[in-house]
Amino acid sequence: MTLKSWRSLTGVAVVVIVVGAFIGYRFAVDEPEPGSDVSGLSAARVAQILEEGTTTLGEREQPYQVMVVEVLGGPYAGSRVTVDYGLRQIVDDPAPLRPGDQVLVSVSAGPDGSAQVYFAEYVRNGALLGLLLVFVLLIIIVSRGKGVRALIGMAISLVVIAGYILPSILRGQDPVLTSVLGSFVLLTLTYYLIHGWTLKAHAAVAATLFALILTAVLALASVEAARLTGLGSEQAMFLTQFSGVRLSMRGLLLASILIGALGVLDDLTINQVSAVFELRRADPGLVGRGLFRRAMVIGQDHIAATVNTLLLAYVGASLPLLLLFGMFGEPLGIALNRAMIAEEVVRTLVGSIGLILAVPIATGLATWVSGRRAILPAWLGPEMADHDAH
């Protein structure tokens with residue numbers, strides 16, 4: 001690539017980072033309306049360490065610190081108060097706080113109007129931004145132009161999720177319909193952004209939509225059969241109490257299953273469609289059943305790897321919960337009937353079945369399209385974009 005191309009790609013990447021960070025910031029840290037009595041989090045700077053040592057909390061010895069912090073935002077900005085870390089909560093951090101470090105504190109008004117401040121979290125923005133920059137640079141270096149298009153696609157996904165899906169659900173709209181519509185919009189935009197207006201992109205979009213519909217039907221039937229309410233997690237309980245609207249928690253569970261499955265469906269379908277088109281390109285005489293069988297061999301490897309990936313992802317997310325059940329020695333048959341476990345089982349199995357169905361759907365559709373290129377209208381575009389054909 002030329003120096004000019006690298007500069008252009010870098011400029012686009014910077015725009016993607018700024019847009020994504022702005023969207024995330026606006027969604028995550030909106031300030032309460034003036035006059036609201038809602039207690040929030042504020043950034044604070046550690047000004048002085050007053051005391052540190054070890055204490056016993058819940059039969060566990062752990063480090064603690066008592067420090068003076070300066071509140072940096074909100075109505076109490078500039079106030080210096082004493083807070084402790086490790087005396088009230090379980091901690092497991094070998095790196096103590098030092099003067100100059102920034103933390104998040106919970107600030108509320110006391111009976112006398114003074115600030116009551118408690119340690120809430122570390123400020124992790126710097127570490128997260130550094131990791132994001134590494135990710136962006138690597139995807140540009142390795143994938144070049146296609147990687148930049150993928151980054152723009154990520155920004156579009158953030159816009160749709162933070163600007164449409166989440167606000168719509170919080171306003172009380174149907175979570176399933178909202179998630180399916182929003183996910184399909186972002187999926188379509190990112191597919192065409194990355195792969196252009198091509199038969200390859202058309203086939204992948206159609207296959208993903210069809211597989212997503214089947215997955216939605218299966219998810220609905222499974223959730224009904226298992227009598228899941230969507231209230232199996234602590235987060236769901238908080239939503240019912242503090243959302244301010246009547247949310248369908250079962251619908252929210254269905255929406256989370258579909259979005260989770262779609263995150264892998266889009267990768268699987270485009271890979272399978274690409275396999276069909278590349279096989280046909282390498283051997284133009286390979287058509288029909290022969291092409292389908294050859295592509296399905298690749299698809300079987302995709303299924304095995306992706307389903308295992310999906311399982312490990314869900315197990316990884318639920319590992320503390322699984323360890324908790326194992327620690328108390330609860331029989332497997334009983335544990336599986338717990339709502340929080342059953343939800344993850346249904347999520348994993350439904351997502352896996354959707355992935356399995358997506359492979360023959362994408363393979364069959366791509367095989368049909370590639371064999372009929374000559375009779376398809378020209379406005380549908382070429383088989384694949386130039387950057388996909390090399």
**OP:** Working to the nearest 0.5 Å, report the span between CD of Q62 and OG1 of T55.
**Re:** 7.0 Å
Original post:
Is the backbone of V105 close enough, under 3.5 Å, to the side chain of E121 for a donor and an acceptor to pair up by distance?
Top reply: no
**OP:** Check the hydrophobic clustering (I, L, V, M, F, W, Y; side-chain heavy atoms under 4.5 Å; chains of links allowed) and say if V369 and V276 are grouped together.
**Re:** no
Original post:
With a 4.5 Å limit on heavy-atom distance, are the side chains of L228 and R250 in contact?
Top reply: no
Original post:
Apart from V68 itself, which Ile, Leu, Val, Met, Phe, Trp or Tyr residues share its cluster (side-chain heavy atoms under 4.5 Å, direct or through members)?
Top reply: L50, Y64, V66, L87
**OP:** Using atom types as modelled and distance alone, determine if a side-chain donor or acceptor of E278 lies under 3.5 Å from a backbone N or O of A275.
**Re:** no
Subject >> D101 backbone acceptor or donor facing R45 side chain under 3.5 Å >> reply: no
Would you mind writing out the side-chain donor-acceptor pairs for residues 283-304 within the sub-3.5 Å range, not counting sequence neighbours?
unit_1, atom_1, unit_2, atom_2, d
D283, OD1, G285, N, 3.2
H302, ND1, Q272, OE1, 3.1

Original post:
Do Q102 and N125 come within less than 4.5 Å of each other through their side chains, counting heavy atoms only?
Top reply: no
Side chains of residues 129-137: which donor-acceptor partners sit under 3.5 Å, not counting sequence neighbours?
none

Name each donor-acceptor pair under 3.5 Å that joins a side chain in residues 202-222 to protein atoms two or more places apart or in another chain, with its distance.
unit_1, atom_1, unit_2, atom_2, d
H202, ND1, Y192, OH, 2.8
H202, ND1, T198, O, 3.3
H202, NE2, T198, O, 3.3
H202, NE2, L380, O, 2.8
T208, OG1, Y191, OH, 3.3
T208, OG1, A204, O, 2.7
T208, OG1, T269, OG1, 2.7
T215, OG1, A211, O, 2.7
S222, OG, L218, O, 2.8

Side-chain atoms of residues 77-84: list all donor-acceptor pairs with protein atoms under 3.5 Å, sequence neighbours left out, distances to 0.1 Å.
unit_1, atom_1, unit_2, atom_2, d
S79, OG, Y76, O, 2.9
D84, OD1, R88, NE, 3.4
D84, OD2, R88, NE, 2.9
D84, OD2, R88, NH2, 3.3

Subject >> Electrostatic pair R98-E52, nearest N-O below 4.0 angstrom >> reply: yes
**OP:** Taking the side chain as every heavy atom from C-beta outward, state whether P96 and Q65 have any pair of such atoms under 4.5 Å apart.
**Re:** yes
Original post:
How many angstroms lie between CG in L312 and OG1 in T348, if you round to the nearest 0.5 Å?
Top reply: 10.0 Å
**OP:** Mind running side-chain contact (heavy atoms from CB on, under 4.5 Å) on S42 and L72 for me, showing each step along the way?
**Re:** CA-CA 7 Å; S42 295; L72 301 178; over 6 Å; no
Original post:
Can you tell me how far CD1 of I356 sits from CD1 of I361, rounded to the nearest 0.5 angstrom?
Top reply: 11.5 Å
Original post:
Does L355 belong to the same Ile/Leu/Val/Met/Phe/Trp/Tyr cluster as F184, with side-chain heavy atoms less than 4.5 Å apart forming each link?
Top reply: yes
Subject >> Stepwise side-chain contact (heavy atoms from CB on, under 4.5 Å) test for V148 and I152 >> reply: CA-CA 6 Å; V148 172; I152 298 174; 4.3 Å; yes
Original post:
Any donor-acceptor pair under 3.5 Å linking the side chain of S183 with the backbone of V180?
Top reply: no
Original post:
Between atom CD of E343 and atom OG of S256, what is the distance when rounded to the nearest 0.5 Å?
Top reply: 7.5 Å
Original post:
Should L279 and L268 be counted in the same cluster of Ile, Leu, Val, Met, Phe, Trp and Tyr side chains packed under 4.5 Å apart?
Top reply: no
Original post:
So do the side chains of V159 and Y164 get within less than 4.5 Å of each other, counting heavy atoms only?
Top reply: no
Original post:
Given the rule that I, L, V, M, F, W and Y join up when any side-chain heavy atoms are under 4.5 Å apart, are L357 and W368 in one cluster?
Top reply: yes
Original post:
R280 side chain to S370 main-chain N or O, any donor-acceptor pair under 3.5 Å?
Top reply: yes
Original post:
Same hydrophobic cluster for V160 and L166, using side-chain heavy-atom links shorter than 4.5 Å among ILVMFWY?
Top reply: yes
Original post:
Out of curiosity, L151 CG to R149 CZ, how far, rounded to the nearest 0.5 Å?
Top reply: 11.0 Å
Subject >> F119: ring pair (Phe, Tyr, Trp, His ring centres under 6.0 Å) partners, not counting sequence neighbours >> reply: Y85, Y122
Original post:
How long is the gap from CG on L181 to CG on D174, to the nearest 0.5 Å?
Top reply: 9.5 Å
**OP:** Could you tell me whether the side chain of P175 reaches within less than 4.5 Å of the side chain of L254, counting heavy atoms only?
**Re:** no
**OP:** Give the C-alpha distance, both sets of side-chain angles, the deciding distance and a yes or no for side-chain contact (heavy atoms from CB on, under 4.5 Å) between V345 and L349.
**Re:** CA-CA 6 Å; V345 171; L349 293 178; 3.8 Å; yes
